[in-house]
Every structure is written in structure tokens, then in C-alpha cells.
*Asks:* 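I have a structure here, written as C-alpha cells, and I will follow up with some questions on it.
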Amino acid sequence: MSIDKERISVKPERILAVKGMNDILPPESAQWEWFENKIRSLMDRYAYRNIRTPIVEPSALFIRGLGEVTDIVEKEMYSFEDKLNGEQLTLRPESTAGVVRAVVEHSLLYDGGKRLYYMGPMYRHERPQRGRYRQFHQIGAEALGFPGAEMDAELILLADALWQELGLKDVQLEINSLGEPDERKAHRAALIAYLEGNVGLLDEEAKRRLYSNPLRILDTKNPNMQALVENAPRLIDFLGEKSLAHFNSVKAILDMNGVAWKFNPRLVRGMDYYNLTVFEFVTHQLGSQGTICGGGRYDYLIEQIGGRPAPAVGWALGVERVLELLKEQRSVQLQSAPVAYAIVPDAAALPVAMALLQKLRGLGVSVQMHSPAVRGEGMGSMKSQFKKADASGAQYALVFGADELARGGVIVKPLRDGGSQQVEHSIDHVADWAGTLQSIT
């Protein structure tokens, strides 16, 4: 007996998501939407306007903007060659450089400073772990064209206001000043001399950075180097009068607004473009990934990217980390649920039922239509439909019974504790009662 090989079906292998690039599914996606809406509302109150830049940018933008010897450029960027023209491109590892590129390219500062915010995915090639993914999401605020310390403080106040609205606890603000380039140059020389005198205590990463980026050594997480770092020359001691005045002004505004802060002389951030104020909001509840938001002033980046010199300051927060902290603290428990669920005993009633649902949706009411899971088995029993209505989380059931439809009506039945008795409403006058379909929990 011969076997027709072409008739043998082979089940294809499942294709899975790239490791560290996660799907965001319901009901979790409802928390993302809720959080993003909080951000939009807050940014509007502070007069920040939305900007959206491409996910892919020229690799040179990040090499020039972030610094060639930063971890992001050296180890973490997803870079590739455009097959069409050979251009070197990179999936954005952060958004500040892209925002600055857009501001320069479109001359957005021609009529004065701009307050901007963004949200979206970023990409870094690293080992996935809790709160640290290859595709991660950031929300950031950038104020470009404003030189004053009050703008540094405004951005910190903006972030602090967000934590207050979210009800987050255990979030500590740490601040430092990196001064200006000439001050950092003097500190750099002293720091290198100090580290050279203790080279035997440096790990391999610190030895590699000793002459290329010694400031980053101060941010080491190696416990064996903590005593060495604690005794290293402090950048704050090399700052001149003007830089210190700027830093003191930031602290004074924070104090006046009741925002607690901690001076951290080792805080340097991971990008080369920062000067003067730098800050981070950190928590002890997320393990090693404790920084949920960070930023600072970057007065020289616009010129580095080819624009006319202009000051700037900003921050970015990690969406996954903030949502993880909310989960840890149980500050928000959201479920994506409709307000009402339509129960239709007889398929013949579907045209009338669906016409009413469209009117309700047009009036702003979220309604879910019952649909049977198995083809050819009708609409299902009333008992099974009510069970699905309850499982949906809906506040009300809309029951399209034959007797009610004959009278031109529909039954509205509360499904949650605290609701009133069921009521019959007129289908022809839906606008008169749609407003009664509100949350009752």
C-alpha cells in the first residue's frame, strides 16, 4: 500500500515572541491604558505637549548623543544596516536624543522654549529580568530652551505629582550636580589620580573605564568597590559659585514645595550628555531595578546633534517598573469590564438588540454583545448567558426577552451588590435612560 506523502499534514512549529519582548494582554492592558491616561492628564496640567518620534533612528544620533563609551552604545543597541542604502540604523534605546533631533530638524525653538512629552517602546539588547526587558516602555518629559533652575525643579515636581496621584509609597528622590565641563575636567583628573593609586582594588569593568569614562566608576554596583568609591574625590567639591547657586536654587524650590530629597554625590546617570542637575526616583521594593525615573539637565546635547546651542532638561520613567511597583503596593487593581452585557435569548432579536447597543455606545456606554462560542448551537440558555454576563464584570445585564420586545422595551438588571431592582426601559427612548447605566460598585 502506497502512502501519499502530500496528504500527510504536518503541524507547523509555534512561533513565539522574542525573549524579553512581551505581549501586553487584557486585563493587564487596562492598567496600561489607565496609567497612560493619568500621564496625559498630568502633562496637560503642566502645559507639556505630546511629541512622537520614529522607533528607528540613525545610529550616529545615539553614538554622538549618548557617548561612545556608554554601556548603551557599547553593548546594548540593536543596530543594523539598511539594505536599501547601507545606512547604519538603530532601534531607539532611549528617546531624549530622538526628541532633540526632531526639535533641531524642525526648528521648534525658533519662537521660544518648548515643553514636550513622549511615550513608547525602547530597545536594548540585554539579559531580561524583572523590570528590565529588551523591549521596554518609557514615558518622558523634556523642557527645551529654558536655562533656569526653576525648570529643573518643575520637572521634579511633575514626577513627584505623578507619584502622589498614583498613591505610590517608598519612592525616594536622590539628586546631585555634575557641574559644567571645566569643573568635571578638574574633578576627572583628581579622580583618575585617586583610582590609579588604588588600581589593585578596581574590577575589570572599572579598569576599562579608568581613562575613557572614570565618572561612571562611581556608579558601580560591585560591593567590593563601595569603600573605594565612598572615599573618592567628590564632584560637588569642584563646583564653582554659579553651578552651586543653580543646585541650591533647585533644592530651595523642592523644599518650599515639601518634596523630600537626598543628596547622592555618586549619582552620575548613564549618558554622557548630562550637566548640572541630575536626579533619580528610587524604590527598595523592586530589587536591583530600583530606579523608576531618572533625568537631569543636558545643556550641550542640542549643539552636539547639530542645532544652535540651547539649554534643556528632562526625565524618563520606566512604565513596566512603575506598574510593577503599583502591583507590589496594590495601589491599583483594574479590570477592563463593560458597563452592560446584552443577553439575547433568541437570535431573531439580534437586529433590534444590536441596533440598541449601537445607540448606547454612541451615547458613551460600554456594552458587550453576547456571542455563542460554538457555531450552530444558537444563543445559549439564559442561565449560561447570565453566567457569562457576570464573568464579564459588567454592572448591568440588558435582557432582550420576547415579551419585553413585544412591548418595545428592554430589561435593565443590575448584576452587582448595591444595585436597584430590574427596570424595563423603552427601546425608542434610549437617550432618556442611557445615563442611568453607571458604575454601582
Side-chain angles (χ1 to χ4, degrees), residues 20-57 61-62 65-66 72 76 78 90-103 105-106 108 114-124 131-144 154-168 171 269-271 279-281 283 286 289 291-296 298 301 312-327 331-332 334 336:
M21 300 187 182
N22 304 317
D23 299 310
I24 302 168
L25 310 174
E28 181 187 0
S29 57
Q31 295 188 2
W32 285 68
E33 292 178 320
W34 171 85
F35 181 55
E36 290 164 357
N37 287 335
K38 286 279 189 182
I39 291 289
R40 292 187 181 97
S41 174
L42 187 64
M43 293 295 178
D44 183 64
R45 278 178 272 150
Y46 279 73
Y48 283 69
R49 301 295 173 244
N50 185 236
I51 183 171
R52 307 183 186 207
T53 60
I55 289 176
V56 177
E57 296 274 10
L61 173 66
F62 303 111
L66 305 184
I72 294 176
E76 300 170 1
Y78 279 95
T90 294
L91 292 175
R92 63 185 184 195
E94 59 96 54
S95 263
T96 298
V99 169
V100 170
R101 190 268 312 148
V103 166
E105 182 173 340
H106 301 285
L108 292 188
K114 294 291 183 292
R115 291 173 168 87
L116 306 171
Y117 80 94
Y118 61 84
M119 55 178 69
M122 313 294 157
Y123 301 86
R124 296 185 190 177
R132 194 176 184 94
Y133 306 104
R134 291 178 175 176
Q135 175 180 286
F136 59 100
H137 296 76
Q138 285 187 342
I139 293 172
E142 314 285 352
L144 305 103
E154 178 181 283
L155 278 154
I156 294 173
L157 293 173
L158 170 60
D160 185 73
L162 178 60
W163 316 141
Q164 302 303 318
E165 289 206 6
L166 298 177
L168 282 178
V171 177
R269 302 290 296 149
M271 289 78 158
F279 55 89
E280 290 183 352
F281 286 91
T283 178
L286 296 180
Q289 306 305 318
T291 300
I292 62 172
C293 176
Y298 52 95
L301 182 58
V313 60
W315 55 249
L317 64 81
V319 176
E320 286 87 350
R321 294 185 189 181
V322 172
L323 292 178
E324 185 71 20
L325 187 58
L326 283 167
K327 182 179 178 181
S331 298
V332 58
L334 297 178
S336 180

*Asks:* Who passes side chain to side chain donor-acceptor pair (under 3.5 Å) against Arg101, sequence neighbours left out?
*Replies:* Glu57, Glu105
*Asks:* Are any non-hydrogen side-chain atoms of Glu28 and Leu25 less than 4.5 angstrom apart?
*Replies:* no
*Asks:* Kindly compute the distance separating CE (Met122) from CD (Gln135), expressed to the nearest 0.5 Å.
*Replies:* 10.0 Å
*Asks:* Is Arg92 reaching over with its side chain to a backbone N or O of Pro121, donor-acceptor style, under 3.5 angstrom?
*Replies:* yes
*Asks:* If you measure from CG on Leu162 to CG on Leu42, what distance do you get to the nearest 0.5 Å?
*Replies:* 6.0 Å
*Asks:* Quiz question: by atom type and distance under 3.5 Å, do the side chains of Glu154 and Tyr48 form a donor-acceptor pair?
*Replies:* yes
*Asks:* Trp315 side chain to Cys293 main-chain N or O, any donor-acceptor pair under 3.5 Å?
*Replies:* no
*Asks:* Determine whether a donor-acceptor pair (N or O, by modelled atom type, separation under 3.5 Å) exists between the side chain of Arg124 and the backbone of Pro93.
*Replies:* yes
*Asks:* Does the Asp44 side chain pair with the main chain of Arg40, one donor and one acceptor, at a distance under 3.5 Å?
*Replies:* no
*Asks:* Is there a side-chain contact between Thr96 and Glu142, using heavy atoms and a 4.5 Å cut-off?
*Replies:* yes
*Asks:* Okay, side chain of Lys114, backbone of Leu108: is any donor-acceptor separation there less than 3.5 Å?
*Replies:* yes
*Asks:* For Phe279, which residues count as a ring pair (Phe, Tyr, Trp, His ring centres under 6.0 Å) partner, sequence neighbours excluded?
*Replies:* none
